[in-house]
**Q** 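Structure below; questions to follow.
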2 protein chains.
Amino acid sequence: MSSTKIERRVFLKNEECPIRNVVAQIGDKWSILILFSLVDGPDRFNALKSRIQGISQRMLTQTLRDLERDGYVLRTVYPQVPVKVEYELTELGRGLAASVWKLVSWADSHHEEIRSSRAHYDQQQV
Amino acid sequence: MSSTKIERRVFLKNEECPIRNVVAQIGDKWSILILFSLVDGPDRFNALKSRIQGISQRMLTQTLRDLERDGYVLRTVYPQVPVKVEYELTELGRGLAASVWKLVSWADSHHEEIRSSRAHYDQQQV
DNA sequence: GTATTAAGTTACCTTTTGATAACTCATGGA
DNA sequence: TCCATGAGTTATCAAAAGGTAACTTAATAC
């Protein structure tokens, strides 16, 4: 309670802000979708691609690389022919998924309210 | 446990996906900063501006409008001279802040790990 | 009649994000 | 010889996000 003021100041510095650092990664178009696609276990590139509706090869590669870079995803290449590549969540990735879960379920149960607020606002602005 | 598979499918449709709908708003450069700036109570435009380091007038206005549009923030104009405008979180906005809190605190306690993963990855790529 | 204040708006420009589509690479099969 | 496969890369382009700086408005104080 009494620490609220302090926390408030901590989070107001945008530069190197840990929250922005994490949320900026997660807040893009595909990261969360990929993250939640992997919570049940490892999956292969093309399996992800066909399961995540609408994602292009390029964006899947790119987003997976970013997730790997941050340590959320582990990439394993099996030297077969043709090559097989598996992606899976790391411990850190599972932690992130768990932390984002509350927001996700909140979003799921409030999106109607948000939608209607948007519609109402847009109507006012003519 | 047994519902995991179902949830998995639910979240893979990007179009009209409630999660993306919410997270896309929150995931931009300033929304979370503003949201957490308002958790202690109402604040005025210029107070926010000087407290949120680095934000421009334009981005503050724009982000506040988007938050208002989604129903997270209430804007009140006091017809004084010069005019006074106060922004405060709505019930919905407080709910969002609470839901995002777990992610925020997770990010706060894991950003070193993420940082070092990034540095390590970047080193590998030469 | 000029400056000040709060809360913006507008114009202009750069950077980042994301999309489409074509190309690569190694190998094994028809 | 040519095609298929899995997992990408590259080139090109359009759209969205974000930054800077100057302008606005209304009333009041100097």
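Below, chains carry the letters A, B, ... as their sequence lines are ordered, and counting in each starts from 1. These figures come from a predicted structure and were not determined experimentally.
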**Q** Rounded to the nearest 0.5 Å, what separation is found between the CG atom of Leu38(A) and the CZ atom of Arg94(A)?
**A** 10.5 Å
**Q** Do Asp108(B) and Ser105(B) meet the criterion of a side-chain donor-acceptor pair at a distance under 3.5 Å?
**A**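 The answer is no; no qualifying pair exists.
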**Q** For the pair made of CG in Leu64(A) and C1' in dG18(C), what is the distance, rounded to whole Å?
**A**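 These atoms are roughly 16 Å apart.
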**Q** Could you walk me through whether Asn46(A) and Arg51(A) pass the side chain to side chain donor-acceptor pair (under 3.5 Å) check?
**A** CA-CA 8 Å; Asn46(A) 279 333; Arg51(A) 212 136 58 65; over 6 Å; no
**Q** Which is more 5' along DNA chain C, the nucleotide nearest Gly27(A) or the one nearest Phe45(B)? Just name the residue.
**A**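 Nearest-nucleotide comparison on DNA chain C picks Phe45(B).
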**Q** Report the distance from atom CG of Asp66(A) to atom P of dT16(C), rounded to the nearest whole Å.
**A** 14 Å
**Q** What's the closest nucleotide to the Thr61(B) side chain, out of dT9(C), dA6(C), dG18(C)?
**A**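 Of the candidates, dT9(C) comes closest.
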**Q** Rounded to whole angstrom units, what separation is found between the CG atom of Leu48(B) and the C1' atom of dA6(C)?
**A** 13 Å
**Q** The side chain of Val81(B) lies closest to which of these nucleotides: dT20(D), dA7(C), dA27(D)?
**A** dA27(D)
**Q** Check the phosphate of dG19(D) against Lys29(B), side-chain N and O only, distance under 4.0 Å to OP1 or OP2. Yes or no?
**A** yes
**Q** For the side chain of Lys84(A), starting at C-beta, report the closest nucleotide among dA7(C), dT5(C), dA7(D).
**A**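 Nearest to the side chain of Lys84(A) among the choices is dA7(D).
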**Q** Can you figure out which of dT20(D), dT9(D), dA19(C) approaches the side chain of Arg65(A) most closely?
**A**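 It is dT9(D).
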**Q** What is the distance from OH of Tyr87(A) to P of dA7(D), rounded to the nearest Å?
**A** 8 Å
**Q** Please give, in whole Å, the distance from dA7(D) C1' to Asp43(A) CG?
**A** 14 Å
**Q** Between Asp28(A) (CG) and dA17(D) (C1'), how many Å, whole number?
**A**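 Rounded to the whole Å, the gap is 14 Å.
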**Q** With DNA chain C as reference, determine whether Met59(A) or Pro82(A) sits nearer its 5' end, using the nearest nucleotide of each.
**A**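 On the 5' side of the pair lies Met59(A).
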**Q** Between Asp66(B) and Thr63(B), is any side-chain donor less than 3.5 angstrom from a side-chain acceptor?
**A**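 Asp66(B) vs Thr63(B): no donor-acceptor pair found between side chains.
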**Q** For Lys49(A) and dT5(D), what is the distance between atoms NZ and C1' respectively, to the nearest whole Å?
**A**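 It is 12 Å, rounded to the nearest whole Å.
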**Q** Could you check how far CD1 of Ile55(A) sits from C1' of dT17(C), rounded to whole Å?
**A**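 It works out to 13 Å between those atoms.
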**Q** Quick one: pull up CD in Glu88(A) and CG in Asp40(A) and give me the separation to the nearest 0.5 Å.
**A** 13.5 Å
**Q** Does Arg58(B) put a side-chain nitrogen or oxygen below 4.0 Å from OP1 or OP2 of dT20(D)?
**A** no
